[in-house]
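Here is the structure we will look at, set down as structure tokens.
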Amino acid sequence: MAGPRTIHLTVNGAPREGWVEPRKLLVDFIREDLGLTGTHVGCEHGICGACTVLVNGEAARSCLMLAVQAAGAEVLTVEGLARDGTLHPLQEAFWEHHGLQCGFCTPGMLLTACDFLKDNPSPTEAEIREALSAVLCRCTGYQGIIKAVQAAAPKLRDAR
Amino acid sequence: MKPAPFEYHVPTTVEEALAHLRHYGGEAKVLAGGQSLMPLLNFRLSRPAALVDINRIGALSYIEEENGTLRLGALTRQRAIERSDVVRSRLPLLTEATALVGHLPIRTRGTIGGSLAHADPSAEYPAVLTALEGQVVARGAGGERILRPEEFFRTYLTTTLGPDEILTEVRLPIPPPGSGWAFEEFSRRHGDFALVGIAVLLLVEGTRCAKARLVAAGAGPVPARLRGAEEILERDGLTEQSFEAAAARAAELVEPDSDIHASAAFRRHLTRVFTLRALRKAARRIHGGH
């Protein structure tokens, strides 16, 4: 049972199929097999958070999951945030508030913030800082990112 | 591909999982939330012949209150524990400790059973299990074994769980109402492993401290129950003087190592400071204070 197997899952709303070895990480499946290279792979051991995606609506490190574990799941990557060419309110806010510089951590930041704001729609600055400590950014010093999440929170609340 | 090849099994019952473990005779690893095992596989520090992925055993995920005990299925996610109203009202010590486990995207996958079975001495859950005098249930071919923390944790990353056993349940006694509690820890950055963590539980009768439980994480090979410090509180009561005496004693009792993160002397210092902080906080919370 070490050989490749077929998996079915939903990625960004569309049904997808894969033929994967059990040892293939979810992040590598997303990038290499599905060609969705918006999800970045950084540290490969769950520290940097760049590979964070939503699995069944919850933020998870896709470098700490096997692709076969996502069989039957709904996965959302950064490519699935914008709708019909319109940026997600978080993406809009990151743009407005200089929430990114090199962009490497951005997909992980966006999806972590996405899950966090669902749970805590009106967070304090301290709570935002705590949540975003899950993702490492080496460019911005986090100031712009925190401002962006603060700015997006009311928009997401209103959109509910 | 990062992990070395392995056989992969996805049982849907504990019995099926146990059969797989027996088949591999110690060469298989149980995959729960994967937040500790997957990094070891990615770097090939661990190369098991097989993974027995228990994530599809739905019967291992629950939080139930029964006869003064909270029973948690081993596969219960840390985030479910963090959000649980029954945990917040009955075992707020567990809620407070859970918020310190890794980060949000770690807690969505990480499980209570996985954290205990991994037995990192600087992790929060082993200290909480010890402070609450809880039990873990290990199921194997011969049936169930119920283990107290001192029977379960052996040393760094090592428990008495057999290679053909699965940790199935965690049992945590609910302290009587009015008890004081706190989990305080120091880490370099929020979400990092603690250099030192302190779990405190104060059971009171009237104004007297009937029982104190004081446990240090990160200051030895297993969570350290600091009985000598507990005795000071039980004998001298809950005063600022006894807190300071207990904290000083705690710093003497722990057996920390030096590593790249902190020296043993610094960990002793942290033990004293954080024991004091945790005791003050726990005392404020007695009888529902904040």
Side-chain angles (χ1 to χ4, degrees), chain A residues 1-5 20-29 32 41 43-73 108-109 111-120 126-127 129-136, chain B residues 1-12 20 23-24 28-29 31-56 77-80 82-83 99-111 114 187-193:
Chain A
M1 298 259 279
R5 61 194 66 195
V20 292
E21 272 191 64
R23 62 180 169 143
K24 184 148 209 164
L25 302 179
L26 178 58
V27 67
D28 293 329
F29 172 72
E32 294 166 8
V41 54
C43 73
E44 305 182 334
H45 65 298
I47 301 296
C48 78
C51 71
T52 307
V53 298
L54 299 191
V55 178
N56 294 328
E58 290 198 303
R61 309 287 209 218
S62 60
C63 74
L64 298 187
M65 269 185 83
L66 302 168
V68 287
Q69 292 188 293
M109 286 288 182
L111 289 153
T112 301
C114 211
D115 188 10
F116 166 66
L117 289 177
K118 252 188 304 182
D119 234 27
N120 188 348
E127 287 167 340
R129 284 179 183 276
E130 189 178 308
L132 296 183
S133 70
V135 189
L136 297 182
Chain B
M1 302 274 187
K2 286 129 199 173
F6 48 75
E7 304 283 324
Y8 177 73
H9 300 281
V10 201
T12 53
H20 287 304
H23 173 79
Y24 289 99
K29 289 290 283 180
L31 176 62
Q35 302 303 291
S36 301
L37 179 56
M38 287 301 304
L40 296 174
L41 296 176
N42 287 356
F43 289 123
R44 301 198 179 192
L45 295 169
S46 176
R47 302 173 70 131
L51 283 189
V52 179
D53 181 348
I54 61 170
N55 282 280
R56 308 228 180 216
R77 309 279 171 193
Q78 290 148 3
R79 191 138 188 239
E82 187 181 8
R83 284 167 160 170
L100 297 167
V101 178
H103 299 280
L104 182 154
I106 301 287
R107 297 193 292 271
T108 59
R109 297 287 303 163
T111 68
S187 56
R188 296 280 186 198
R189 292 166 305 181
H190 177 83
D192 283 5
F193 270 110

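Note on naming: letters A, B, ... go to the chains in the order of the sequence lines (proteins, then strands), and numbering restarts at 1 for each one.
Residue L31(B) touches chain A through its side chain alone, counting heavy-atom pairs closer than 4.5 Å. Contact of Q69(A) with chain B is made through backbone and side chain together, with heavy-atom distances under 4.5 Å. Using a 4.5 Å cut-off between heavy atoms, A131(A) makes no contact with chain B at all. With a 4.5 Å cut-off on non-hydrogen atoms, V41(A) touches chain B through its side chain but not through its backbone. Using a 4.5 Å cut-off between heavy atoms, A4(B) contacts chain A through its backbone alone, with no side-chain atom that close. Interface residue A71(A): backbone and side-chain heavy atoms are both found under 4.5 Å from chain B. Within the 4.5 angstrom heavy-atom criterion, no atom of L37(B) approaches chain A. For R56(B), the part lying near chain A is the side chain, with the backbone staying farther off; criterion is any non-hydrogen pair under 4.5 Å. For V135(A), no part lies near chain B; criterion is any non-hydrogen pair under 4.5 Å.
Contact of the S133(A) side chain with the H103(B) side chain is registered, since non-hydrogen atoms from C-beta on lie closer than 4.5 Å.
With rounding to the nearest 0.5 Å, the separation of CG in L100(B) from CD in E130(A) is 8.0 Å. Taken to the nearest 0.5 Å, the CG atom of L66(A) stands 9.5 Å off from the CG atom of N55(B).
Of all heavy-atom pairs spanning I106(B) and G46(A), the tightest one is CD1-O, 3.8 Å. Between P22(A) and Y8(B), the shortest heavy-atom distance links the atoms CB-CB, 3.5 Å. Between L104(B) and A59(A), the shortest heavy-atom contact is CD2-CB, 4.0 Å. The shortest heavy-atom contact between C63(A) and N42(B) is O-ND2, 3.1 Å.
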Begin with the C-alpha distance, continue with both residues' side-chain angles, and end with the deciding distance and a verdict on side-chain contact (heavy atoms from CB on, under 4.5 Å) for R79(B) and D115(A). CA-CA 12 Å; R79(B) 191 138 188 239; D115(A) 188 10; 3.0 Å; yes
Working for side-chain contact (heavy atoms from CB on, under 4.5 Å), residues D53(B) and V68(A): CA-CA 10 Å; D53(B) 181 348; V68(A) 287; 5.8 Å; no
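With R61(A) as the partner, the side chain to side chain contact (heavy atoms under 4.5 Å, CB included) test is satisfied by one option alone out of M38(B), R109(B), Q35(B): Q35(B).
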